[in-house]
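Please read these numbers as outputs of a predicted model, since none were measured by experiment. Just so it is clear: chains get the letters A, B, ... in the order the sequence lines come, proteins before strands, and each one is counted from 1.
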There are 2 protein chains.
Amino acid sequence: MWFMSSFPAPLEKLVEQFAMLPGVGSKSAQRMAFYILSMPDEQAKAFANAIVEAKKKVHRCSICQNLTDLEMCSICTGSKREKSIICVVSDPKDVLAIERSREYNGLYHVLHGVISPMNHVGPDDIAIKELLDRVKSGEIQEVIMATNPDTEGEATAMYISRLLKPLGIKVTRISYGIPVGSNLEFADDATLYRAIEGRREM
Amino acid sequence: MWFMSSFPAPLEKLVEQFAMLPGVGSKSAQRMAFYILSMPDEQAKAFANAIVEAKKKVHRCSICQNLTDLEMCSICTGSKREKSIICVVSDPKDVLAIERSREYNGLYHVLHGVISPMNHVGPDDIAIKELLDRVKSGEIQEVIMATNPDTEGEATAMYISRLLKPLGIKVTRISYGIPVGSNLEFADDATLYRAIEGRREM
């Protein structure tokens with residue numbers, strides 16, 4: 001006896017594609033594929049097109065390695081940006097987060113990852129060389145290490161600072177402490193330790 | 001002072017597209033879009049292509065309304081299928097679920113929805129007319145209503161059975177009861193009530 005065991009092939013293929021995305025299980029992938037089928041034709045085409053266009057047009061800025069659809073990103077070419085200071089982050093999303101704070105007006109450098117021996121990511125796999133080239137070219141006076149305050153972010157910041165210091169550059173690290181608006185009671189020990197250690201005169 | 005407030009336009013557009021999918025919030029949409037950017041070119045093209053192909057090739061079977069990439073689906077054209085009985089479901093996924101049970105060897109009819117006044121879905125918005133046409137054409141002896149046992153599925157089954165009975169057709173409903181392998185203790189009252197009411201001689 002024959003029983004049907006799958007959706008039509010083009011639908012199964014689409015489900016597989018969605019299931020490859022991070023955080024998407026097979027049930028969600030099915031729901032997404034069905035949603036695509038329920039879209040008007042032009043809308044589905046627009047979706048497919050957005051994938052192709054993003055892939056084609058978005059690349060790394062030739063200077064700071066942040067994502068851009070221009071030759072150089074709008075921060076690197078911004079006339080009002082302080083060009084003597086670079087803030088080093090691991091991810092393009094971190095640039096947006098820092099920009100939202102409206103406190104920083106210098107340049108950025110996006111590493112696209114952190115050094116992580118566990119995941120076979122070494123210093124040559126992230127954009128460290130490009131950072132050194134920028135610093136060596138002369139204009140830079142300070143580099144702020146703004147990788148995440150976890151083990152790998154910490155180790156990456158340490159590794160890079162050791163490369164930069166011999167070049168006579170001021171290397172700083174973003175401060176640790178209690179998040180604004182949060183509650184001392186719920187802060188973990190390491191954060192509290194760092195908050196007291198890093199206390200400043202009022 | 002100018003601060004960057006968004007990703008490059010083609011990337012933002014892709015994030016928006018992913019965010020339209022059911023169950024995808026803006027953070028997940030970002031992660032998905034970044035994942036696409038990290039793919040090799042051909043893989044991203046394959047993804048885009050899967051969307052276009054599924055949309056172009058998958059449509060409703062002209063008989064049972066199930067999804068297919070053929071003119072008529074492989075169940076409707078299957079030579080070993082019992083052609084006098086139709087199982088009515090609300091969704092193409094339900095066909096696969098019933099096929100997996102390997103118990104049913106008849107035909108299907110996919111309504112693509114249930115009657116739901118709350119969501120402005122009336123009898124004309126789902127494939128009821130197509131079902132009536134099939135039944136009127138003659139061969140059919142029994143119609144099994146296999147919509148979900150919730151309020152809307154129940155009402156839809158009731159509505160359709162009232163249309164079918166005057167045609168001299170046997171109309172049945174899938175049985176309610178305790179799921180196999182589950183525990184009486186955790187069954188809800190309505191299910192237990194139905195399980196006792198529907199008891200059969202052993």
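- The most heavy-atom pairs under 4.5 Å with chain B, out of A:Ala33, A:Ser38, A:Ser28, A:Ala50, come from A:Ala50.
- Of all the listed residues (A:Val95, A:Ile98, A:Asp41), the one sharing the greatest number of non-hydrogen pairs under 4.5 Å with chain B is A:Asp41.
- Ranked by heavy-atom pairs shorter than 4.5 Å toward chain B, the options A:Met4, A:Lys45, A:Gln43, A:Lys13 are led by A:Met4.
- Within the 4.5 Å cutoff, the side chain of B:Ile51 has heavy atoms near those of the A:Ile51 side chain.
- For an aromatic pair to be called close, the ring centres must be under 6.0 Å apart, and A:Phe47 with B:Phe18 satisfies this.
- With chain A as the partner, the residue from B:Asn49, B:Leu96, B:Asn105 showing the most heavy-atom pairs under 4.5 Å is B:Leu96.
- Of all the listed residues (B:Arg31, B:Glu16, B:Lys57, B:Arg102), the one sharing the greatest number of non-hydrogen pairs under 4.5 Å with chain A is B:Arg102.
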Working for side-chain contact (heavy atoms from CB on, under 4.5 Å), residues A:Val24 and B:Val24: CA-CA 9 Å; A:Val24 178; B:Val24 178; over 6 Å; no
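- Both the backbone and the side chain of B:Ala46 come within contact range of chain A, with heavy atoms under 4.5 Å apart.
- Per-residue heavy-atom pair counts under 4.5 Å with chain A were compared for B:Gly23, B:Ala44, B:Ser6, B:Pro8, and the maximum is reached by B:Pro8.
- Comparing A:Ile75, A:Leu11, A:Val52 by how many heavy-atom pairs each has under 4.5 Å with chain B, the most go to A:Ile75.
- Residues B:Phe34 and A:Pro92 meet the side-chain proximity criterion, which asks for heavy atoms closer than 4.5 Å.
- Proximity to chain A involves both the backbone and the side chain of B:Lys93, based on heavy atoms less than 4.5 angstrom apart.
- A:Lys55 places a side-chain N or O within donor-acceptor distance of the main-chain N or O of B:Leu37, the cut-off being under 3.5 Å.
- For A:Phe7, the parts lying under 4.5 angstrom from a heavy atom of chain B are both the backbone and the side chain.
- At distances below 3.5 Å, not a single donor-acceptor pair connects side-chain atoms of A:Glu99 with backbone N or O atoms of B:Phe3.
- Counting heavy-atom pairs under 4.5 Å between each of A:Leu70, A:Asp91, A:Asn66, A:Ile36 and chain B puts A:Ile36 at the top.
- Put simply, of A:Cys73, A:Ser5, A:Ala54, A:Ala9, the one with the most heavy-atom pairs under 4.5 Å next to chain B is A:Ala54.
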